[in-house]
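Structure, as structure tokens:
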There are 2 protein chains.
Amino acid sequence: MISGKFAITIHILTLLTKFPNDFLSSEFIAGSINLNPVLVRKEIANLKAHHIVESKEGKNGGTKLAVNPSNITLKEIFGMTFDTINLGYAKNTPNPDCPVGKKINQNLGLLYADINQKISLQLDDITLEDFSIQF
Amino acid sequence: MISGKFAITIHILTLLTKFPNDFLSSEFIAGSINLNPVLVRKEIANLKAHHIVESKEGKNGGTKLAVNPSNITLKEIFGMTFDTINLGYAKNTPNPDCPVGKKINQNLGLLYADINQKISLQLDDITLEDFSIQF
DNA sequence: TCATACTGTAATAAAATATGTTACAAATGT
DNA sequence: ACATTTGTAACATATTTTATTACAGTATGA
């Protein structure tokens with residue numbers, strides 16, 4: 001379930017933070033990530049749905065932040081790109097006639113929920129500004 | 001990068017904990033996970049390499065725990081099935097001529113290292129016995 | 001000693017997911 | 001008008017994960 005979604009989204013947002021006054025084109029952003037511009041636009045569509053960025057179509061169009069980078073944390077960005085973090089489940093439904101098979105996913109779910117909570121606390125302490133300032 | 005490896009391995013180990021005196025066959029285990037027995041044997045090969053289980057070939061063969069389930073934690077199991085957990089990296093090498101592209105993977109790496117440490121601490125508090133006793 | 005039931009492992013196939021490409025309508029600045 | 005850019009769909013390719021088949025090797029016990 002883990003893809004480059006979070007990394008790409010953070011990369012986009014870091015660039016937008018670095019150029020707060022410009023509408024950056026998907027082509028420009030894609031050049032920094034080394035990724036297809038269409039995929040950049042898809043991630044941006046997701047960010048727009050969460051009202052984190054705003055875009056302008058047409059010539060000289062592009063995308064810029066719609067929020068102050070000190071007012072958004074990595075937890076929120078994480079929430080936009082992942083359901084939850086987990087260590088995976090077996091693909092097929094385990095055997096419900098086995099006591100272990102019957103409860104394994106439930107028990108893994110509890111474990112993963114704990115993990116998520118810890119990670120969320122940690123990510124909630126880091127703002128986009130904190131992250132971007134490292135560059 | 002996340003597959004069902006951890007979940008499958010935990011499932012196997014929970015079964016072995018529940019039947020500490022038996023050599024369980026890959027077929028039996030596969031029936032509980034609802035997974036191909038060859039894949040079960042592959043995960044068992046990994047556990048054997050880490051000296052967590054022992055196998056017996058031939059008729060009435062199978063696999064049993066080689067350690068006391070109260071002496072092994074989920075952290076160790078995690079370490080056998082994952083390199084590290086992370087929220088992913090973009091697939092392609094980012095543009096080294098961009099200040100953000102140049103450092104993005106390094107900075108994500110630092111973030112992910114922190115996350116891993118937290119998860120490890122948490123998983124190190126849960127033994128295989130603790131986990132198995134829930135079933 | 002022979003049939004049976006396992007492990008171990010390789011080779012290959014299929015399925016699922018992720019990434020990439022092409023295409024083009026719609027919007028907007030100059 | 002023209003150039004440039006977003007938005008989005010449709011399709012193609014690549015990668016990863018899971019499944020299957022096959023079979024040599026090993027132990028058990030009738």
Side-chain angles (χ1 to χ4, degrees), chain A residues 1-9 11-12 15-16 19 22-50 52-66 81-83 86-94, chain B residues 1-9 11-12 15-16 19 22-50 52-66 81-83 86-94:
Chain A
M1 161 221 174
I2 287 192
S3 65
K5 207 168 161 66
F6 177 78
I8 289 164
T9 297
H11 196 140
I12 293 169
L15 286 170
L16 297 179
F19 298 95
D22 298 324
F23 283 90
L24 302 185
S25 74
S26 61
E27 184 106 16
F28 174 83
I29 295 171
S32 174
I33 306 178
N34 189 11
L35 189 73
N36 193 288
V38 174
L39 301 180
V40 171
R41 298 207 282 273
K42 276 187 186 159
E43 293 314 317
I44 285 173
N46 183 39
L47 290 170
K48 278 176 64 181
H50 288 92
I52 303 308
V53 303
E54 53 183 299
S55 292
K56 198 171 64 172
E57 294 187 33
K59 192 164 180 179
N60 302 326
T63 302
K64 70 193 280 291
L65 280 181
T81 53
F82 274 95
D83 290 335
N86 65 55
L87 308 182
Y89 296 93
K91 182 191 160 205
N92 302 321
T93 307
Chain B
M1 162 227 173
I2 286 193
S3 66
K5 206 172 162 62
F6 177 78
I8 289 163
T9 297
H11 196 141
I12 293 168
L15 286 170
L16 296 179
F19 298 95
D22 299 324
F23 283 90
L24 303 184
S25 75
S26 61
E27 185 105 18
F28 175 84
I29 295 170
S32 174
I33 306 179
N34 189 10
L35 188 73
N36 194 287
V38 175
L39 301 179
V40 171
R41 297 207 282 274
K42 274 187 187 159
E43 293 313 318
I44 285 173
N46 183 39
L47 290 170
K48 280 177 62 181
H50 288 91
I52 304 306
V53 303
E54 53 183 297
S55 294
K56 197 172 66 173
E57 293 187 33
K59 193 167 178 176
N60 302 326
T63 302
K64 70 193 282 290
L65 279 181
T81 53
F82 274 94
D83 291 335
N86 65 57
L87 308 182
Y89 295 94
K91 183 189 160 207
N92 302 321
T93 307

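We name chains A, B, ... by the order of the sequence lines, and we start the count at 1 in each one.
- We find the CZ-CG distance between B/Phe23 and B/Leu65 to be 10.5 Å, quoted to the nearest 0.5 Å.
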Give the table of side-chain donor-acceptor pairs shorter than 3.5 Å for residues 27-45 of chain A, with sequence neighbours excluded, one pair per line with atom names and distance.
{"unit_1": "A/Ser32", "atom_1": "OG", "unit_2": "A/His11", "atom_2": "NE2", "d": "2.8"}
{"unit_1": "A/Asn34", "atom_1": "ND2", "unit_2": "B/Thr93", "atom_2": "O", "d": "2.9"}
{"unit_1": "A/Asn36", "atom_1": "OD1", "unit_2": "A/Val38", "atom_2": "N", "d": "2.9"}
{"unit_1": "A/Arg41", "atom_1": "NH1", "unit_2": "A/Ser26", "atom_2": "OG", "d": "3.0"}
{"unit_1": "A/Glu43", "atom_1": "OE1", "unit_2": "A/Lys5", "atom_2": "NZ", "d": "3.3"}

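- Rounded to an integer number of Å, the gap from B/Phe23 CZ to C/dA5 P is 19 Å.
- The structure places CG of B/Leu87 at 5.0 Å from CZ of A/Phe6, a figure rounded to the nearest 0.5 Å.
- Atoms CD1 and CG, from B/Ile12 and B/Leu24 in turn, are 10.5 Å apart once rounded to the nearest 0.5 Å.
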Distance-only donor-acceptor hits, side chain of residues 53-63 of chain B, under 3.5 Å, sequence neighbours excluded:
{"unit_1": "B/Ser55", "atom_1": "OG", "unit_2": "B/Thr63", "atom_2": "OG1", "d": "3.0"}

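- Rounding to the nearest 0.5 Å places CD1 of A/Ile8 at 11.5 Å from CG of A/Asn46.
- Residue B/Glu43 contributes atom CD, which lies 11 Å from atom C1' of D/dT18 at whole-angstrom precision.
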For this session: Would you mind building the protein contact string for nucleotides 2-9 of chain D? One character per nucleotide, 5' to 3', B for base within reach (heavy atoms under 4.0 Å), S for sugar-phosphate only, - for untouched.
Result: -BBBBBBB
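- Nearer the 5' end of DNA chain D, as judged by each residue's closest nucleotide, is the contact made by B/Lys91, out of B/Pro37 and B/Lys91.
- Rounded to whole angstrom, the span from the NZ atom of B/Lys64 across to the C1' atom of C/dT7 amounts to 17 Å.
- In this structure, B/Leu39 places its CG atom 14 Å from P of C/dG8, rounding to the nearest Å.
- Applying the 4.0 Å criterion to OP1 and OP2 of C/dT19, one finds that A/Asn36 has every side-chain N and O outside that range.
- In this structure, A/Ser25 has no side chain to side chain donor-acceptor pair (under 3.5 Å) partners at least two apart in sequence or on a different chain.
- Taking every heavy atom of both residues into account, B/Ala90 and A/Ala7 meet most closely at N-CB, 3.6 Å.
- Taking the C1' atoms of five terminal pairs at each end of the helix from C/dT1-D/dA30 to C/dT30-D/dA1, the two resulting helix axes are inclined by 10°, rounded to 10°.
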